[in-house]
Amino acid sequence: MSNQNTKQGISSTHIAFIAMFATLAGVLYILDFALPFAFPSFLEFKLSDIPILIGSFTLGPVSGGVIVVVEILIKLVIKGSTTMFVGELSDLITSCAFAVTAGIIYKRHRTFKGALVAMAIGTAVEVTVALLINWLVLVPFYVQFFFGGSWEPLIDSMKLLFPACTKATFYNFYLWVSVLPFNLLRCIIAVAVTLLVYKRISRMINSVNRKIYGKPDHDEAKSKKTTIILICAGVAIVALLITFALLREFVF
């Protein structure tokens, strides 16, 4: 595919696939679930990292970041927030740390080895960020704003899996035995699925681009106009999602 068509292909088809990945990620983000046999029940497992990582690889790291933002907005509109947006902000940061970091590295090294290195570094960054956020932000926030300064609710939840957990040992059990393997598992699953399907999805996107932009009579001016319309529509949809999310949280 020529450079010209590639640039044009980053327009309508690119935006369409961002919307597709973001919608899938949003649905998976809503369908979170606990693994109480392995982790504290308040750590909710999400499979939305899969379409985010695939989107970041196939469409680029910026698109990966956009997918993260839109999936969170979709979740806020449908389910709202039970954490005063702190949980969603944490998910935004950790998902971007994982997928966007991997996407940036892969964009510069588009080989199988580059993909493995990118996903390994993305995983390391995500786990590190998750540990720091839980230690410095989430736990102090929950203790102060949800439990009135009491550690007992969190400790009681941890004792279901770790009977020896106390306030003095809470972070040892929570960070190193819960948060670290929990986030590592999230990333490993996303990496495994991405390795299986990435090439097929990438070929499908390229095929769509060739069908739309590979025609000799393709109207470049019309393509630019369509791109502008789609971008404006995308911005309008994001603005509406933000508005509905805020209305749901503070009005309804």
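This chain uses plain numbering: 1 for the first residue, then up along the sequence.
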Nearest atoms (heavy-atom pairs only) where [X] meets [Y]:
{"X": "Pro51", "Y": "Leu47", "value": "CD-O, 3.6 Å"}
{"X": "Ser41", "Y": "Ala34", "value": "O-CB, 3.6 Å"}
{"X": "Ser90", "Y": "Leu138", "value": "OG-CD1, 3.6 Å"}
{"X": "Leu161", "Y": "Pro36", "value": "CD2-O, 3.4 Å"}
{"X": "Pro140", "Y": "Leu136", "value": "CG-O, 3.7 Å"}
{"X": "Ala25", "Y": "Ile52", "value": "CB-CG1, 4.1 Å"}

For the backbone of [Y] and the side chain of [X], can you confirm whether one donor and one acceptor N or O come within less than 3.5 Å of each other?
{"X": "Thr123", "Y": "Met119", "result": "yes"}
{"X": "Thr111", "Y": "Gly114", "result": "yes"}
{"X": "Thr94", "Y": "Asp91", "result": "yes"}
{"X": "Ser56", "Y": "Ala99", "result": "yes"}
{"X": "Thr243", "Y": "Ala239", "result": "yes"}
{"X": "Lys75", "Y": "Gly80", "result": "yes"}

Indicate yes or no: at least one non-hydrogen side-chain atom of [X] is less than 4.5 angstrom from one of [Y].
{"X": "Ile18", "Y": "His14", "result": "yes"}
{"X": "Leu180", "Y": "Leu175", "result": "no"}
{"X": "Phe21", "Y": "Ile201", "result": "yes"}
{"X": "Ile205", "Y": "Thr13", "result": "no"}
{"X": "Ile121", "Y": "Tyr106", "result": "no"}
{"X": "Val86", "Y": "Tyr142", "result": "no"}
{"X": "Cys187", "Y": "Asp49", "result": "no"}
{"X": "Ser95", "Y": "Lys46", "result": "no"}

Counterpart residues, side-chain hydrogen bond (donor to acceptor under 3.5 Å, both in side chains), relative to Tyr171 (two or more places apart): none
Decide if atom [atom1] of [X] counts as having more than 12 heavy atoms of other residues, nucleotides or ligands within a radius under 6.0 Å.
{"X": "Phe146", "atom1": "CZ", "answer": "yes"}
{"X": "Phe112", "atom1": "CZ", "answer": "no"}
{"X": "Met84", "atom1": "CE", "answer": "no"}

Give the cluster check for [X] versus [Y]: same hydrophobic cluster or not, with ILVMFWY residues linked at side-chain heavy-atom distances below 4.5 Å.
{"X": "Phe17", "Y": "Tyr198", "result": "no"}
{"X": "Leu53", "Y": "Val129", "result": "no"}
{"X": "Val70", "Y": "Leu31", "result": "no"}
{"X": "Leu160", "Y": "Leu43", "result": "no"}
{"X": "Phe57", "Y": "Val197", "result": "no"}

Stepwise side-chain contact (heavy atoms from CB on, under 4.5 Å) test for Val117 and His109: CA-CA 9 Å; Val117 171; His109 306 280; over 6 Å; no
Thr166 and Phe173: CA distance, side-chain angles, deciding distance, side-chain contact (heavy atoms from CB on, under 4.5 Å) verdict: CA-CA 9 Å; Thr166 64; Phe173 285 107; over 6 Å; no
Distance in Å, [X] [atom1] paired with [Y] [atom2], rounded so as to fall on 0.5 Å steps:
{"X": "Ile72", "Y": "Ser81", "atom1": "CD1", "atom2": "OG", "answer": "10.5 Å"}
{"X": "Lys159", "Y": "Glu152", "atom1": "NZ", "atom2": "CD", "answer": "6.5 Å"}
{"X": "Ile133", "Y": "Thr128", "atom1": "CD1", "atom2": "OG1", "answer": "11.0 Å"}
{"X": "Ile93", "Y": "Glu88", "atom1": "CD1", "atom2": "CD", "answer": "12.0 Å"}
{"X": "Thr194", "Y": "Ile189", "atom1": "OG1", "atom2": "CD1", "answer": "11.5 Å"}
{"X": "Phe42", "Y": "Ser178", "atom1": "CZ", "atom2": "OG", "answer": "7.0 Å"}

Aromatic ring pairing Tyr174/Phe170, orientation class (parallel under 30°, perpendicular over 60°, tilted between): parallel
Aromatic ring pairing Phe45/Phe182, orientation class (parallel under 30°, perpendicular over 60°, tilted between):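 The rings of Phe45 and Phe182 stand perpendicular, inter-plane angle above 60°.
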Chi angles and distances behind the side-chain contact (heavy atoms from CB on, under 4.5 Å) call for Val191, Leu116: CA-CA 9 Å; Val191 165; Leu116 292 179; 5.8 Å; no
Lys79: partners by salt bridge (Lys or Arg N to Asp or Glu O under 4.0 Å), with sequence neighbours left out: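 Residues passing salt bridge (Lys or Arg N to Asp or Glu O under 4.0 Å) with Lys79: Asp32.
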